[in-house]
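Just so we're clear, the structure is a prediction, and the values are computed from it rather than from any experiment.
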Amino acid sequence: TGYYGDGLNAIIVFAACFLPDSSRTDYNYVMENLFLYVISTLELMVAEDYMIVYLNGATPRRRMPGLGWMKKCYQMIDRRLRKNLKSFIIVHPSWFIRTILAVTRPFISSKFSSKIQYVNTLAELREMIPMEYVDIPESIVKYDEEKYIKRRMRTSCLSNDPEITSAEQE
């Protein structure tokens, strides 16, 4: 958790890689109590506008929350909290997250949908929010660095491909 702006508005950081494994026998119980904890914490912290930064990178599929759980969470959030949410930033969005949000878009309010932003790198996130108050877990930083290296290698390979290079010159 961190703060931004003159009014010190809250930035809530949620790292999915720390969610429980869905193979746990008490998974539903743990997830429900986790959600209740998050909501009660938000209600105490948030008096003004706030943003949520959802760190999706370095998260195995078995730790990602399911569609049903996300829908239930959205429905249980108090109107004041939904209204004061200024942006919901998803860092390192997977195709799964993008698909779920695309499928559910008709069922959630257009106001909420407009608050969702995708960010592919921590560098992009740094351009959007002040990072000095935001604690990013080491596993996410490492994931971001590895992803950046892979992207640079792919770009380098493509620029060395004679077919692509000659096509670009035409």
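Under a 3.5 Å cut-off, the side chain of Thr41 and the backbone N or O of Ile39 do not form any donor-acceptor pair. Without hydrogens or angle criteria, Arg82 side chain to Phe112 main chain gives no donor-acceptor distance under 3.5 Å. Side-chain N or O atoms of Arg62 include none that pairs as donor or acceptor with a backbone N or O of Asp21 at under 3.5 Å. Looking only at distances, no side-chain donor or acceptor of Tyr54 sits under 3.5 Å from a matching main-chain atom of Pro93.
The one candidate from Ile90, Val38, Leu55 that meets the side chain to side chain contact (heavy atoms under 4.5 Å, CB included) condition with Phe14 is Val38. Here the options are Asp144, Thr59, Thr121, the test is side-chain hydrogen bond (donor to acceptor under 3.5 Å, both in side chains), and the partner is His92; only Asp144 passes.
Atoms CD1 and CD1, from Ile52 and Ile11 in turn, are 12.0 Å apart once rounded to the nearest 0.5 Å. The distance from the NZ atom of Lys115 to the CG atom of Leu85 is 5.0 Å, given to the nearest 0.5 Å. The CD1 atom of Ile100 sits 13.5 Å away from atom CZ of Arg105, with the distance rounded to the nearest 0.5 Å. Remark: Lys147 NZ to Ile140 CD1 distance equals 11.0 Å, nearest 0.5 Å. From Asn84, atom CG reaches atom CG of Asp78 across 9.0 Å, with rounding to the nearest 0.5 Å. Rounded to the nearest 0.5 angstrom, Arg61 CZ and Ser22 OG are separated by 7.5 Å.
No continuous path of hydrophobic side-chain contacts links Tyr143 to Val53 [ILVMFWY only; heavy atoms under 4.5 Å]. Linking Ile, Leu, Val, Met, Phe, Trp and Tyr residues whenever their side-chain heavy atoms come within less than 4.5 Å leaves Phe18 and Phe96 in two separate clusters. In this structure, Tyr50 is not a member of the same hydrophobic cluster as Leu44, with clusters built from ILVMFWY side-chain heavy atoms closer than 4.5 Å.
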TODO: With side-chain contact (heavy atoms from CB on, under 4.5 Å) as the test, would you mind laying out the steps for Val91 and Ile136 before giving the verdict?
DONE: CA-CA 11 Å; Val91 182; Ile136 304 292; over 6 Å; no
Task: side-chain contact (heavy atoms from CB on, under 4.5 Å) between Glu145 and Leu122, intermediate numbers included - done: CA-CA 9 Å; Glu145 289 169 354; Leu122 292 176; over 6 Å; no
Task: Worked check of side-chain contact (heavy atoms from CB on, under 4.5 Å) between Gln117 and Met128 - done: CA-CA 11 Å; Gln117 297 175 280; Met128 298 172 70; 3.4 Å; yes
- [ ] Carefully, step by step, assess Tyr118 and Leu101 under the rule side-chain contact (heavy atoms from CB on, under 4.5 Å).
- [x] CA-CA 11 Å; Tyr118 296 114; Leu101 289 171; 3.4 Å; yes
Sequence neighbours left out, cut at 3.5 Å: what donor-acceptor pairs do the side chains of residues 27-37 make with other protein atoms?
residue : atom : partner : partner atom : Å
Glu32   : OE1  : Lys72   : NZ           : 3.0
Asn33   : ND2  : Tyr29   : O            : 2.9

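With sequence neighbours left out, Arg80 forms a side chain to side chain donor-acceptor pair (under 3.5 Å) with no residue at all.
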